[in-house]
Every structure is written in structure tokens, then in C-alpha cells.
Amino acid sequence: MIKIYDLELSGNCHKVRLMSALLGVEYELIPVDLLGGEHKSPQFLQLNPLGQIPVIVDNDIIIRDSQAILVYLARKYGNEDWLPLDAESMAKVMQWLSFAAHEINNSVFIARLYFRFNMDVDWESAQAKGKQVMQIMNEHLQHRDWLELDRPTIADIACYPYVGLAPEGKVSLDDYPNVIAWIERIKQLPGYIGMPGL
């Protein structure tokens, strides 16, 4: 059984829980006490020297970083629907994993840190970037149901949590109806699980 080192309120951890649930993969959640500094303990740093969550342990395999974990789960437990093997399709999916790690992370994720967790960040810049991110996604989803390939892939799972949680960072989704519709489609996937705020 896979072990997921987890924090319930983390969107990045939710990606891993959600992907596991969609694939029907059994897992054990191991909560990590970030406020108590557990992620910086010598024991945890052996799992991830960056001191970040999520991390999964699958027998003797240790994978860190939510995007990398999505790739691992899709390749090991899924099929080509979630992560295709041909070059063009794979690249189209992977560009959204990069978008999640950079554009989404540097915008709505940061704004949420300020409003949800009182962290000292540049929330105004993050909110402005968040609106740009939402506009890009809204236009991209204008004539499609999913981010790529006319079906759900790990691209959708990578982008979903923090986009769905954007209102917690005071980035309203009201002006982005295509994004709202996409969020609702994800929530209808067989095996879907939520998290606080979603």
C-alpha cells in the first residue's frame, strides 16, 4: 500500500490523494505536522531533503513533488488515458504540469497563503497574476471540456486544486465560467474526493 505524507489543507497533497482515488489505488495517509516543524526533522529529510510535502513511498520507491507523483501514479497504476506516451500528447499534458508548478503556484497559491494562513507574502501581485491565470484557462477551455486531449488527464488534476481554491485567496471565479464548468466536471469524475474548500 502506498504511503502518502500529507497535509489535509494542502492543494498539492490533494492532487495526490485525488489521483490515487481516481485510479482506485489504496493508500495510507501519514499526516505531517508542518506547524510543529516535522517536515524539517532528520527523519523526514531522509524522505525529501527539500523538507516539502507531499511525498509518497511505494514499497522501496520514494517520490517527492506533486507533479512527479502524478506522473508516477499515472504511469504505474493508470493507463495512457491519464498520461499518453506519444510525444505530442505527452508534451501537451506536461506543459500544464509546468503551468501548475509555476503560474498557478506563483499566483492563486500565494494569495491563498496570505488570506487563509496569514503568511507574509506579496498577495496583491499574486492576486493580479491569479486573474491572468484564470483568464488564460478560461479562454483555453472555451471550446473544450478538458485541458488537453478531450478527456481528463493528469494535466487537469495538476491544475485543479489551487484553481478551485482561488476564492480562498480572494480571486473570484465569477468572471471565468469555463473554469467553473471545468471544476464541476472534475467533481463528477468517478472516484472523486474533495478537501476543505473544495
With side chains defined as the heavy atoms from C-beta onward, is the minimum distance between [X] and [Y] less than 4.5 Å?
X	Y	result
Lys129	Met134	no
Phe99	Val133	yes
Pro152	Trp82	yes
Val16	Met19	no

Donor-acceptor pair, [X] side chain versus [Y] backbone, under 3.5 Å?
X	Y	value
Arg112	Leu165	no
Arg144	Leu147	yes
Arg185	Asp145	yes
Asn59	Ile61	no
Tyr162	Asn12	yes

Quick check: closest heavy atoms across [X] and [Y], and the distance to 0.1 Å?
X	Y	answer
Pro84	Leu149	CG-CD1, 3.5 Å
Ala166	Val108	CB-CG1, 3.8 Å
Val163	Ile183	CG1-CD1, 4.3 Å
Gly191	Leu22	C-CD2, 3.9 Å
Ala100	Lys15	CB-NZ, 4.2 Å
Asp175	Asn138	O-ND2, 4.3 Å

Distance in Å, [X] [atom1] paired with [Y] [atom2], rounded so as to fall on 0.5 Å steps:
X	Y	atom1	atom2	answer
Leu18	Ile154	CG	CD1	12.5 Å
Leu83	Ser89	CG	OG	10.0 Å
Met1	Glu28	CE	CD	7.0 Å
Trp182	Leu173	CH2	CG	10.0 Å
Ile63	Ile4	CD1	CD1	13.0 Å
Leu7	Leu34	CG	CG	5.5 Å

Do [X] and [Y] sit in one hydrophobic cluster, given that two such residues count as connected whenever their side-chain heavy atoms are within less than 4.5 Å of each other, even indirectly?
X	Y	result
Phe109	Phe117	yes
Ile193	Tyr77	yes
Met195	Ile69	yes
Tyr72	Leu23	yes
Met94	Trp146	yes

Ile104 and Cys159: CA distance, side-chain angles, deciding distance, side chain to side chain contact (heavy atoms under 4.5 Å, CB included) verdict
CA-CA 7 Å; Ile104 292 174; Cys159 294; 3.7 Å; yes
Flag yes if more than 12 heavy atoms outside [X] fall under 6.0 Å of its [atom1] atom; otherwise flag no.
X	atom1	result
Glu8	CD	no
Glu184	CD	yes
Asp150	CG	no
Glu88	CD	no

Strictly under 6.0 Å, is that where the ring centroids of Trp96 and His140 end up?
yes
Using 30° and 60° as the class limits, which term best fits the ring planes of Tyr192 and Tyr160: parallel, tilted or perpendicular?
perpendicular
Phe44/Ile53 under side chain to side chain contact (heavy atoms under 4.5 Å, CB included): CA gap, chis, key distance, verdict
CA-CA 10 Å; Phe44 188 83; Ile53 53 171; 3.6 Å; yes
What I want to find out is whether Lys76 reaches Asp58 closely enough, with some N-O distance under 4.0 Å, to be called a salt bridge.
yes
Applying the side chain to side chain contact (heavy atoms under 4.5 Å, CB included) test to Ile56, which of Leu47, Ile2, Ile62 qualifies?
Ile2
Picking from Leu85, Thr153, Val71, what satisfies side chain to side chain contact (heavy atoms under 4.5 Å, CB included) with Met90?
Leu85
Qualifying ring-ring contact (aromatic ring centres under 6.0 Å, His included) pairs, either residue in residues 14-42, two or more places apart
none
Check: residues 118-128 side-chain donor-acceptor pairs under 3.5 Å, at least two apart:
unit_1, atom_1, unit_2, atom_2, d
Asp122, OD1, Ser125, N, 3.2
Gln127, NE2, Gly169, O, 3.1
Gln127, NE2, Lys170, O, 3.2

Qualifying residues under side-chain contact (heavy atoms from CB on, under 4.5 Å), relative to Glu139, sequence neighbours excluded
Gln135
